[in-house]
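Just below is one structure, and these are the notes that go with it.
The chain is numbered in sequence order, starting from 1.
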Amino acid sequence: QVQLVESGGGLVQAGGSLRLSCAASGFTFSRYAMGWFRQAPGKEREFVAAINLSGGSTYYADSVKGRFTISRDNAKNTVYLQMNSLQPEDTAVYHCAARAWRIVTTIEYDYWGQGTQVTVSS
């Protein structure tokens, strides 16, 4: 049974930091590209960051570039999203996702987690 379980969300003041984690199980993690997406109320789900199988290549949305860092630990079957300099517009539910082999920046992923809420107060 495939599972992606996010954690680390919460309430933070503008300028603060959070580190999200996504624990994967039920599939061969090292064969999947991983992504983070977010969805704010009334808005479509949008791409945040993605990382390839080895962790050697990463991609970011322009809105988070320089502030967020995606990483993965294949030994722990976990992907992370370090979020610094958070702003109110970063408020959303953050989802991790897995896609077999190839990294993409669209929503075309095979597996999705339920999400973790991130709220940034001004």
Side-chain angles (χ1 to χ4, degrees):
Q1 179 183 1
V2 171
Q3 281 193 311
L4 293 172
V5 180
E6 301 95 337
S7 61
L11 174 64
V12 63
Q13 288 189 331
S17 299
L18 284 173
R19 188 193 194 203
L20 305 183
S21 299
C22 173
S25 61
F27 62 98
T28 306
F29 183 74
S30 60
R31 297 179 183 177
Y32 281 72
M34 299 298 295
W36 284 97
F37 293 77
R38 65 188 181 186
Q39 189 165 17
K43 295 188 176 181
E44 293 186 350
R45 190 168 296 188
E46 65 172 358
F47 168 77
V48 175
I51 190 166
N52 73 340
L53 275 62
S54 67
S57 294
T58 56
Y59 298 83
Y60 297 94
D62 288 343
S63 59
V64 307
K65 204 170 292 183
R67 300 188 297 124
F68 290 11
T69 302
I70 188 172
S71 61
R72 66 189 294 162
D73 186 337
N74 285 350
K76 296 183 178 180
N77 288 358
T78 302
V79 62
Y80 305 96
L81 186 68
Q82 177 67 44
M83 305 186 295
N84 299 328
S85 302
L86 284 161
Q87 299 301 316
E89 52 266 34
D90 295 316
T91 295
V93 176
Y94 283 71
H95 300 266
C96 70
R99 178 188 167 97
W101 301 114
R102 193 167 65 94
I103 190 172
V104 296
T105 60
T106 64
I107 63 171
E108 296 169 339
Y109 277 68
D110 301 313
Y111 307 126
W112 291 85
Q114 291 297 309
T116 185
Q117 176 70 47
V118 171
T119 303
V120 185
S121 62
S122 58

Please test Trp112 against Arg45 for side-chain contact (heavy atoms from CB on, under 4.5 Å), starting from the C-alpha separation and ending with a verdict. CA-CA 12 Å; Trp112 291 85; Arg45 190 168 296 188; 3.2 Å; yes

Which pair of non-hydrogen atoms, one from Ile103 and one from Ala33, has the smallest distance, and what is that distance? CA-CB, 3.7 Å

Non-hydrogen atoms of Ala40 and Ala92 that approach each other most closely: N-CB, 3.8 Å

Going by side-chain heavy atoms closer than 4.5 Å, which hydrophobic residues are tied to Leu18, directly or by a chain of links? Val2, Leu4, Val12, Leu20, Phe27, Phe29, Tyr32, Met34, Trp36, Val48, Ile51, Tyr60, Val64, Phe68, Ile70, Val79, Leu81, Met83, Leu86, Tyr94, Tyr111, Val118, Val120

Atom pair OG1 (Thr105) and CZ (Arg99), whose distance is rounded to the nearest 0.5 Å: 10.0 Å

Quick one: closest heavy-atom pair of Ala14 and Ser122, and the distance? CB-CA, 4.4 Å

Between Asp90 and Arg67, is the side-chain contact (heavy atoms from CB on, under 4.5 Å) condition met? List the steps. CA-CA 11 Å; Asp90 295 316; Arg67 300 188 297 124; 2.8 Å; yes

Between Arg19 and Tyr80, is NZ or CZ placed under 6.0 angstrom from the six-membered ring centre and within 45° of the ring axis? yes

Compare all side-chain heavy atoms of Ser63 with those of Arg38 and state whether any distance is below 4.5 angstrom. yes

Distance, nearest 0.5 Å, that separates CD of Gln39 from CD1 of Ile107: 9.5 Å

Over all heavy atoms of both residues, which pair between Tyr109 and Ala50 is shortest? Give the atoms and the distance, please. OH-CB, 3.7 Å

Going by side-chain heavy atoms closer than 4.5 Å, which hydrophobic residues are tied to Leu11, directly or by a chain of links? none

Drop me the distance from Asp73's CG to Ser30's OG, to the nearest 0.5 angstrom. 11.5 Å

Between His95 and Gly113 the two heavy atoms that sit nearest each other are ND1-O, 3.1 Å

Distance col, row Gln13:CD vs Ser121:OG, nearest 0.5 angstrom, shows 5.0 Å

Using only heavy-atom distances, determine whether the side chains of Ser17 and Asn84 contain a donor-acceptor pair under 3.5 Å. yes

Check: Cys22 main-chain N/O paired with Asn77 side-chain donor or acceptor under 3.5 Å: no

Between the side chain of Gln3 and the main-chain N/O of Ser25, is any donor-acceptor distance below 3.5 Å? no

Just wondering, more than 12 heavy atoms not from Lys43 lying within 6.0 Å of its NZ? no

Rounded to the nearest 0.5 Å, how far does CG of Asp110 lie from CH2 of Trp101? 12.0 Å

Looking only at non-hydrogen atoms, find the nearest pair between Gln117 and Val93 and report the distance. OE1-CG2, 3.2 Å

Report yes or no: does Thr91 contribute a side-chain atom to a donor-acceptor pair with the main-chain N or O of Thr119 at less than 3.5 Å? no

Counting distance only, does the side-chain N/O of Thr78 pair as donor-acceptor with the main-chain N or O of Lys76 below 3.5 Å? yes

